Q: 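Would you mind keeping the following structure in view while I ask a few things?
These numbers were taken from a predicted model, which means no experiment stands behind them. All chains are named by letter (A, B, ...) in the order of the sequence lines, taking the proteins before the strands, and each is independently numbered beginning at 1.
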2 protein chains.
Amino acid sequence: MKKTTIHDIARELDVTFSTVARALNDHPAISAATKAAVLETAKRLNYQQNKLASSLRSGRTNVIGIIVPSLDTSFFSSVVHGIERVMNENGYSMLLFQTGESLAQEQKGIETFLQSRVDGIISSVSGEVDGKEFYEQISKRQVPLLFFDRAIHELPVPSVTIDDYRAGLVATEHLISQGYKQIVHLTSDRNLTIFKERFRGYRDALQRHNLPVEEKMIYKGKLSLEFGKESVQRLMDSEIPFDAVFAAEDYTAMGALQFLLEKGIKVPDEIGVMGFANEAFGAFVTPSLSTVDQQTIKMGEETAHLFLKLIGNKDFYGSTPEHIVLDPILIPRNSSQPL
Amino acid sequence: MKKTTIHDIARELDVTFSTVARALNDHPAISAATKAAVLETAKRLNYQQNKLASSLRSGRTNVIGIIVPSLDTSFFSSVVHGIERVMNENGYSMLLFQTGESLAQEQKGIETFLQSRVDGIISSVSGEVDGKEFYEQISKRQVPLLFFDRAIHELPVPSVTIDDYRAGLVATEHLISQGYKQIVHLTSDRNLTIFKERFRGYRDALQRHNLPVEEKMIYKGKLSLEFGKESVQRLMDSEIPFDAVFAAEDYTAMGALQFLLEKGIKVPDEIGVMGFANEAFGAFVTPSLSTVDQQTIKMGEETAHLFLKLIGNKDFYGSTPEHIVLDPILIPRNSSQPL
DNA sequence: CTGAAAGCGCTAACAT
DNA sequence: ATGTTAGCGCTTTCAG
């Protein structure tokens with residue numbers, strides 16, 4: 001069963017294929033009668049436009065490429081969910097690529113997208129990317145590029161992020177306002193702006209309230225349940241006094257929380273715990289985990305909307321890039337609020 | 001800056017474009033010297049193959065389309081994660097489409113994929129699809145199709161699922177083995193095989209152990225935290241005696257669990273609770289939630305492997321479809337195990 | 001309102 | 001080992 005083309009429809013109706021093409025694209029200069037006939041025949045012959053041919057000729061694919069570290073993370077899958085919904089409503093398809101935080105994969109993804117002639121690329125860069133050269137291969141080709149959450153700030157590229165500095169600040173100030181004074185910070189060892197910003201917020205909050213910022217209170221590692229446990233274990237082993245833990249990610253906070261409870265320490269009365277990301281489990285655990293919400297779906301939607309707005313510009317890289325910064329939402333729960 | 005094509009490379013090197021094409025595709029009949037020269041020039045001119053042209057001509061896109069209800073669900077995003085990783089390793093790109101459980105969206109996704117000439121479609125059908133006609137538009141076009149998790153069993157299409165019947169059976173038998181005798185089942189009102197199978201397992205487990213299967217113990221609704229709470233509320237209001245709840249999904253189980261705890265009922269001592277899906281929160285809540293793991297990432301990987309295996313066949317629809325059925329893994333935790 | 005013709009960038013059969 | 005040629009199925013100018 002060969003595939004139906006506009007030539008087949010043309011032959012049936014005894015018109016030329018270019019008339020058929022116009023009818024199918026709802027061209028104004030085609031009579032209603034012809035359009036109806038073409039549409040009917042197309043349906044009857046089970047015609048499906050070949051987008052490859054159409055894109056090759058027109059230079060537009062209506063496809064965008066999305067690069068994320070991993071979909072097996074509620075943060076990214078939720079943002080992608082938001083992006084896809086909006087882009088889809090606006091006639092775009094989405095090619096998806098996971099990097100697994102590897103630079104080689106990121107390179108492969110970009111190349112694939114470029115070769116597929118996507119109309120734009122939306123990326124949240126992996127932890128291994130540093131320097132701007134890497135992503136310049138995209139701007140050199142004049143392919144529209146947007147970052148979300150993890151941006152490369154040296155590059156004049158639009159982005160949608162949350163205010164991680166403010167998030168770190170607000171989270172820490174919340175702990176301080178609850179009476180905690182010796183606050184440990186657990187953060188990532190990856191070289192990512194988001195974590196540096198959260199740390200800056202933590203640091204500034206302490207300073208603002210005349211609390212010391214101490215090396216021994218800051219732990220870096222691979223964010224995870226285990227890292228949270230280990231860190232608290234190490235703190236206790238070295239008998240460093242602390243009365244609260246602010247982790248840059250919820251699983252890590254959860255690890256800390258679990259370890260504390262196992263050791264019979266009362267949370268939040270003796271030690272307060274604060275996470276980051278608003279994972280689903282936070283609301284369900286006991287004590288419920290205080291955290292910061294990143295507005296994931298909104299981030300995706302805003303990213304898509306910004307893309308749609310900018311794609312109209314003839315000169316994407318000529319205009320100064322727009323940066324949308326979403327507000328983090330503090331979600332105080334029981335783990336950080338002693339009576 | 002016009003894009004470089006094989007013609008540009010050919011001109012530089014004073015060969016024909018077909019020599020360049022061959023060199024680029026590592027054709028055996030091209031001298032090493034020419035290949036090297038072509039590769040060097042390609043790199044220098046920043047050449048990127050145009051996959052649209054190549055696919056249009058060759059009839060293969062190396063793109064597969066994935067249809068899922070929503071990425072904002074840990075189950076689906078996790079499976080997609082597994083599919084993407086494997087397909088990507090094998091040179092495929094992935095177009096992603098979310099249906100939001102809507103038939104109209106599902107239709108749109110299929111059409112887009114067909115028009116994009118994907119090499120295959122992997123789908124987990126939405127709750128609104130019934131009958132096989134819908135998906136026959138794909139088989140009619142001879143485009144390889146695979147189902148995962150939610151399949152249409154009337155269609156001779158390969159699939160990767162878990163044994164939901166067994167899962168329901170094992171989960172219920174576990175409850176029975178723990179001494180529970182009046183087990184409520186909370187399930188979905190959607191017309192999906194997965195839920196019917198879980199129910200069948202529940203029913204058969206009761207019958208096997210000479211326990212009555214009663215209408216009043218079975219609640220159908222939109223699976224969610226709220227539905228879990230409501231159902232338990234209603235049970236208590238109508239004073240129907242029960243000693244365990246088996247929900248077909250973890251959030252629903254969590255709702256039931258929370259409501260019971262709020263009412264001062266001891267879980268698991270007075271009432272046992274069992275969920276389904278092994279959501280992250282289950283391990284963290286108190287009491288920890290017993291559940292059934294669906295091997296999501298493995299499901300994705302198996303789906304991809306099956307696809308890769310079958311795509312080789314010249315006659316996809318000629319051979320009897322292979323069905324891979326994964327074993328559900330019972331994860332007994334505290335919510336179902338009284339001392 | 002419709003037709004004719006060119007060409008997007010590549011693959012692949014057929015030559016040489 | 002390389003060149004020639006003919007499309008893949010469409011969009012888009014230029015004609016009429």
Side-chain angles (χ1 to χ4, degrees), chain A residues 1-39 41-42 45-63 91 111-112 114-119 141, chain B residues 1-39 41-42 45-63 91 111-112 114-119 141:
Chain A
M1 194 184 75
K2 264 207 75 305
K3 268 159 194 144
T4 312
T5 74
I6 48 175
H7 293 93
D8 301 322
I9 300 175
R11 202 176 315 115
E12 285 271 321
L13 294 175
D14 222 32
V15 291
T16 53
F17 69 93
S18 54
T19 300
V20 174
R22 287 194 187 96
L24 255 15
N25 291 323
D26 206 23
H27 189 107
I30 294 288
S31 73
T34 311
K35 274 183 195 167
V38 168
L39 253 33
T41 313
L45 299 184
N46 247 305
Y47 173 75
Q48 290 278 24
Q49 184 197 46
N50 186 328
K51 292 208 177 202
L52 295 171
S54 127
S55 297
L56 175 60
R57 183 56 234 248
S58 70
R60 297 194 60 221
T61 53
N62 270 38
V63 172
E111 254 164 41
T112 307
L114 256 22
Q115 296 179 346
S116 304
R117 301 297 192 261
V118 295
D119 286 348
R141 285 206 151 63
Chain B
M1 196 182 72
K2 263 207 78 304
K3 269 162 195 142
T4 312
T5 73
I6 47 176
H7 293 94
D8 302 321
I9 298 175
R11 204 177 313 115
E12 286 269 322
L13 295 176
D14 222 34
V15 292
T16 52
F17 71 96
S18 57
T19 301
V20 174
R22 288 195 188 95
L24 255 14
N25 291 323
D26 206 25
H27 189 107
I30 295 287
S31 74
T34 311
K35 273 182 195 169
V38 167
L39 252 34
T41 313
L45 299 185
N46 246 305
Y47 172 75
Q48 290 277 27
Q49 184 196 46
N50 186 329
K51 292 208 177 201
L52 296 172
S54 136
S55 297
L56 175 60
R57 183 54 236 248
S58 71
R60 298 194 58 220
T61 53
N62 269 36
V63 171
E111 254 164 40
T112 306
L114 256 20
Q115 293 177 168
S116 304
R117 300 295 191 260
V118 295
D119 287 348
R141 286 203 150 64

Q: Given side chains that start at C-beta, do those of B/Arg22 and B/Val38 come closer than 4.5 Å, heavy atoms only?
A: no
Q: Check whether any side-chain nitrogen or oxygen of A/Thr34 sits under 4.0 Å from OP1 or OP2 of C/dC1, and answer yes or no.
A: no
Q: Using a cut-off of strictly less than 4.0 Å between a heavy atom of the residue and any atom of DNA chain D, enumerate the qualifying residues of residues 17-26 of chain A by number.
A: A/Phe17, A/Ser18, A/Ala21, A/Arg22, A/Asn25
Q: To the side chain of B/Leu56, which of C/dG3, D/dC8, D/dT11 is closest?
A: D/dC8
Q: State, yes or no, whether a side-chain contact exists between B/Leu114 and B/Arg141 at a heavy-atom distance under 4.5 Å.
A: yes
Q: Could you pull out the closest heavy-atom pair between B/Arg60 and B/Asp119, with the gap in Å?
A: CA-OD1, 3.7 Å
Q: Just N and O in the side chain of B/Gln49: are any of them under 4.0 Å from OP1 or OP2 of C/dT11?
A: yes
Q: Using atom NE2 of A/His27 as one end and atom P of C/dG3 as the other, report the distance to the nearest whole Å.
A: 13 Å
Q: Would you kindly give the NZ-to-C1' distance between B/Lys3 and C/dG9, to the nearest whole Å?
A: 12 Å
Q: Picking from C/dC10, D/dT11, D/dT2, which would you name as closest to the side chain of A/Ser54?
A: D/dT11
Q: Near DNA chain D, which residues from residues 4-14 of chain B have a heavy atom under 4.0 Å away?
A: none
Q: Could you check how far CG of B/Leu52 sits from C1' of D/dT11, rounded to whole Å?
A: 14 Å
Q: Rounding to a whole Å, what distance do you find between A/Arg60:CZ and C/dC8:C1'?
A: 16 Å
Q: Between atom CD1 of B/Ile6 and atom CG of B/Leu45, what is the distance when rounded to the nearest 0.5 Å?
A: 13.0 Å
Q: Could you work out which one of C/dG3, C/dG9, D/dT11 sits closest to the side chain of B/Ala53?
A: C/dG9
Q: Can you see which heavy atom on A/Leu52 is nearest to which on B/Leu56, and at what distance?
A: CD1-N, 4.0 Å
Q: Quick one: closest heavy-atom pair of A/Ser116 and A/Thr61, and the distance?
A: O-CG2, 3.8 Å
Q: Taking A/Asn50 for the side chain and A/Thr5 for the main chain, is one N or O donor matched with an acceptor at less than 3.5 Å?
A: no
Q: With a 3.5 Å cut-off and just heavy-atom distances, do the side chain of B/Arg57 and the base of D/dG7 make a donor-acceptor pair?
A: yes
Q: Ignoring hydrogens, what is the shortest heavy-atom contact between A/Lys3 and B/Arg117? Give both atom names and the distance.
A: CD-NE, 3.9 Å
Q: Whole angstrom is fine here: how far is it from CD1 in B/Ile30 over to C1' in C/dT11?
A: 13 Å
Q: In whole Å, I'd like the distance from the CG atom of A/Asn50 to the C1' atom of C/dC10.
A: 14 Å
Q: Is the shortest side-chain heavy-atom distance between A/His27 and A/Lys35 below 4.5 Å?
A: no
